[in-house]
Protein chains: 2
Amino acid sequence: MRYSRQREALLDLLRSTKSHPDAEWLYTGLRKEYPNISLGTVYRNLRQLTEAGEIIELCYGNISHFDGDISPHYHMKCNNCNRIYDIPISSVSINLSGTDNFEVDTINLVINGTCRNCQ
Amino acid sequence: MRYSRQREALLDLLRSTKSHPDAEWLYTGLRKEYPNISLGTVYRNLRQLTEAGEIIELCYGNISHFDGDISPHYHMKCNNCNRIYDIPISSVSINLSGTDNFEVDTINLVINGTCRNCQ
DNA sequence: GAGATAACGATAACGATTATCGTTATTGGC
DNA sequence: GCCAATAACGATAATCGTTATCGTTATCTC
């Protein structure tokens, strides 16, 4: 993967937020610095970075969101405002007993509910 | 919601399998009994049944899968064959401590890894 | 059985994502 | 530093899952 300014800016922007944005949000943000950047470039780089393991793709509600934080953690999604919050891995303990003969790779946990702001 | 033969057949088909199928699979299956059924009908009824809480919509990899089993349980997804397996709720114990002020509605847990067949 | 209308089938429209293609930018060897 | 090779770009067309439209059919209520 050869260096590109656009990909670097995308990675910087994604790492600078905790909002788990989608491609459109990133595109809008990048256009401030790169007014001619193409939406295709955003999608291409999001896919490359995901495949390289530098970012994580989250799938909530049939559109992809992205997370620049690749350290293990879980998510909380508010059913009202659709915001996605992080849950530190230390706040959850998961105990598996019946997954016999299944080789566990990653654990994906999403708590759906209502966040403080929306109550 | 008025009765319809097509919706009833869809519900029967979905409840008869543990494969967590997508719309296309259900469409293909229904065409054996209803050769003229429309794909739009499948989608319309899947949405209605989901909204009515009679089935559950699962989102893995940007295409919707459906589950006729609405009793609480979790899922295991094989990264190799993409099959989705059920995990009984009794096999997992989840302990939340840091979700302060978040009103929990549902818990969505997916274990990604390699199933017995694919090892 | 008749009128009201939900649901149908066929198909067009939509929105997110991916592919194409000619041009531009990065890189490694001279 | 320059040049050739080519990865990545921007613009845009194509794809694919899903939703909306619309005239017709089936279900339900009286």
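Note that the structure is a prediction, hence the values are computed from the model and not measured. First the proteins, then the strands, lettered A, B, ... as listed; each starts at 1.
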Within the 4.5 Å heavy-atom criterion, are Q119(A) and N80(A) side-chain neighbours or not? no
Geometric class of the H75(A)/H20(A) ring pair [parallel <30°, tilted 30-60°, perpendicular >60°]: perpendicular
Nearest 0.5 Å, what's the CH2-CG distance between W25(A) and L14(A)? 8.0 Å
Residue-level proximity of residues 31-46 of chain B to DNA chain C when a heavy atom falls under 4.0 Å: N36(B), I37(B), S38(B), T41(B), R44(B), N45(B)
For chain B, the stretch of DNA chain D it reaches, first to last nucleotide, under 4.0 Å of its heavy atoms: dG17(D) to dC28(D)
More 5' along DNA chain C: Q48(B) or F66(A), using each one's nearest nucleotide? Q48(B)
How many whole angstroms separate atom CG of L58(A) from atom P of dT17(C)? 12 Å
Taking the side chain as every heavy atom from C-beta outward, state whether E24(A) and L39(A) have any pair of such atoms under 4.5 Å apart. yes
Check the orientation of H65(B) and Y60(B). Use parallel for under 30°, tilted for 30 to 60°, and perpendicular for over 60°. tilted
Kindly list each side-chain donor-acceptor pair under 3.5 angstrom involving residues 103-118 of chain A, sequence neighbours excluded, with atom names and distances?
from, atom 1, to, atom 2, distance (Å)
D105(A), OD2, N79(B), ND2, 3.3
T106(A), OG1, N112(B), ND2, 3.2
N112(A), ND2, T106(B), OG1, 3.3

Please list, for nucleotides 26-30 of chain C, all pairs of protein and nucleotide N/O atoms separated by less than 3.5 Å.
from, atom 1, to, atom 2, distance (Å)
dT26(C), OP1, R5(A), NE, 3.0
dT26(C), O2, R2(A), NH1, 2.8

Distance-only check: which donor-acceptor pairs under 3.5 Å involve side-chain atoms of residues 46-57 of chain B, not counting sequence neighbours?
from, atom 1, to, atom 2, distance (Å)
T50(B), OG1, L46(B), O, 2.7
E57(B), OE2, S64(B), OG, 2.5

Rounded to the nearest angstrom, tell me the gap between atom CG in L26(A) and atom P in dT17(C). 11 Å
Minimum-distance pair of heavy atoms, taken over all atoms of E33(A) and A9(A): OE1-CB, 4.2 Å
A side-chain contact here means heavy atoms from C-beta on lying under 4.5 Å apart; do L30(A) and T28(A) qualify? no
In chain order, what residues pass the disulfide (SG to SG under 2.5 Å) check against C81(A), with sequence neighbours excluded? none
For dT17(C) and N62(B) - does any side-chain N or O of the residue sit under 4.0 Å from the phosphate oxygens OP1/OP2? yes
